[in-house]
Amino acid sequence: MYSFYKINFLSRQAFLPLMPNDIFQKDTKAVAKELLGMSLVHETKEGKTVGKIVETEAYLQRDPGSHSHKGMTPRNAQMFGKAGTAYVYFIYGMYHCFNIVTNKEGIGEAVLIRALQPVNGIELMKKRRKTDDIRNLCSGPGKLVIAMGITKHHNGADLLTGTIRLLPRKKNKKIDIVTCTRVGISIGKELPYRFYIKNNPFISKP
DNA sequence: CTCTGGATTGAC
DNA sequence: TCAATCCAGAGG
């Protein structure tokens, strides 16, 4: 009886309206911090995977490190789209990165999701990632995209209505946030736009 | 058309 | 430290 209730509650949770749909239409650095502790959910034919967001980076307008910095191009167009949609791009010839578009339409800002703490569907994540090391499943932007079954076809997907969703974190639970510089970029690397949950062992690098 | 380098990862 | 692997974007 208890387990039925629990399963029912968890499955219902994924379909609840998560938050007002203007939650992402504001200061991107603030959104990057608010996303920490929220869960990313993806339902596929293979099964459902859930991970808690533990590391993010903000990419802003007039930010030399951002794809959108020099204006709209075919590749970065989604960054200028509706807040709360996915911006997925291909990088280094073999990986994809998953971002959440933020701020008002036409601005060109987004939050890169850099690491998740695996919560549900861990066996499926292991299968997709071809490793059994739980700390290695989602500890990097390219890794979590594979573990969650995200592809380039999710570029533009609406996270409030699609198969990829977000769950709010427990409101009363306080999170210790570390702010530092971004990873893997050469221009704009001095800007403190990377955020992660302090002491969390699932981030991409300390 | 050619050339360059990247919001990465994993092997050496 | 470096190769894998490919395409967007810039320049001719």
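Just so you know, these numbers come straight off a predicted model, no measurement behind them. Throughout, protein chains are lettered first and strands after them, A, B, ... in sequence-line order, and every chain is numbered starting at 1.
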dT2(B) versus dT5(C) - spacing of their P atoms, nearest Å: 22 Å
Which class fits the ring pair F90(A) and H96(A): parallel under 30°, tilted 30 to 60°, perpendicular over 60°? tilted
No-hydrogen, no-angle side-chain donor-acceptor test under 3.5 Å, T85(A) and Q78(A): yes
Starting from Watson-Crick (N1-N3 plus N6-O4 or O6-N4) and G-U wobble pairs under 3.5 Å, report the runs of at least three that DNA chain C belongs to. B:1-6 with C:6-11, B:8-11 with C:1-4
Out of curiosity, R114(A) CZ to N99(A) CG, how far, rounded to the nearest 0.5 Å? 11.0 Å
First and last nt of DNA chain B near chain A, cut-off under 4.0 Å to heavy atoms, 5' to 3', are dG6(B) to dG10(B)
Quick one: on DNA chain B, does G140(A) or S186(A) contact a more 5' nucleotide (nearest heavy atom)? S186(A)
By side chain to side chain contact (heavy atoms under 4.5 Å, CB included), which residues pair with K198(A), not counting sequence neighbours? D176(A), V178(A)
Quiz question: by atom type and distance under 3.5 Å, do the side chains of T44(A) and K48(A) form a donor-acceptor pair? no
Is the cationic atom of R182(A) (NZ for Lys, CZ for Arg) positioned less than 6.0 Å from the six-membered ring centroid of Y59(A) and within 45 degrees of its normal? yes
Side chain to side chain contact (heavy atoms under 4.5 Å, CB included) partners of R75(A), counting only residues at least two apart: H67(A), T73(A), Y87(A), Y89(A), I91(A)
hydrophobic_cluster_shared for I185(A) and Y196(A), side chain cutoff 4.5 Å: no
Heavy atom of residues 142-151 of chain A under 4.0 Å from DNA chain B: which residues? G142(A), K143(A)
Over all strands shown, is S204(A) touching base, sugar-phosphate only, or nothing at heavy-atom distances under 4.0 angstrom? nothing
Quick one: do the E109(A) and S68(A) side chains pair a donor with an acceptor below 3.5 Å? no
Looking at K126(A), I'd like to know if its NZ atom is crowded, meaning that more than 12 non-hydrogen atoms belonging to other residues, nucleotides or ligands lie closer than 6.0 Å. yes
Quick one: do the N103(A) and K26(A) side chains pair a donor with an acceptor below 3.5 Å? no
So, D63(A) side chain and H69(A) main chain: donor-acceptor pair closer than 3.5 Å or not? no
Can you tell me if N200(A) and Q117(A) form a side-chain donor-acceptor pair at under 3.5 Å? yes
Using a cut-off of 4.0 Å on non-hydrogen atoms, how would the nucleic acid contact of R129(A) be classed: base, sugar-phosphate, or nothing? sugar-phosphate
Give me, pair by pair, the N or O atoms of the protein and of nucleotides 3-9 of chain C that are less than 3.5 Å apart, along with how far apart they are.
unit_1: dT5(C); atom_1: O2; unit_2: Y92(A); atom_2: O; d: 2.6
unit_1: dG9(C); atom_1: OP1; unit_2: T73(A); atom_2: OG1; d: 2.1

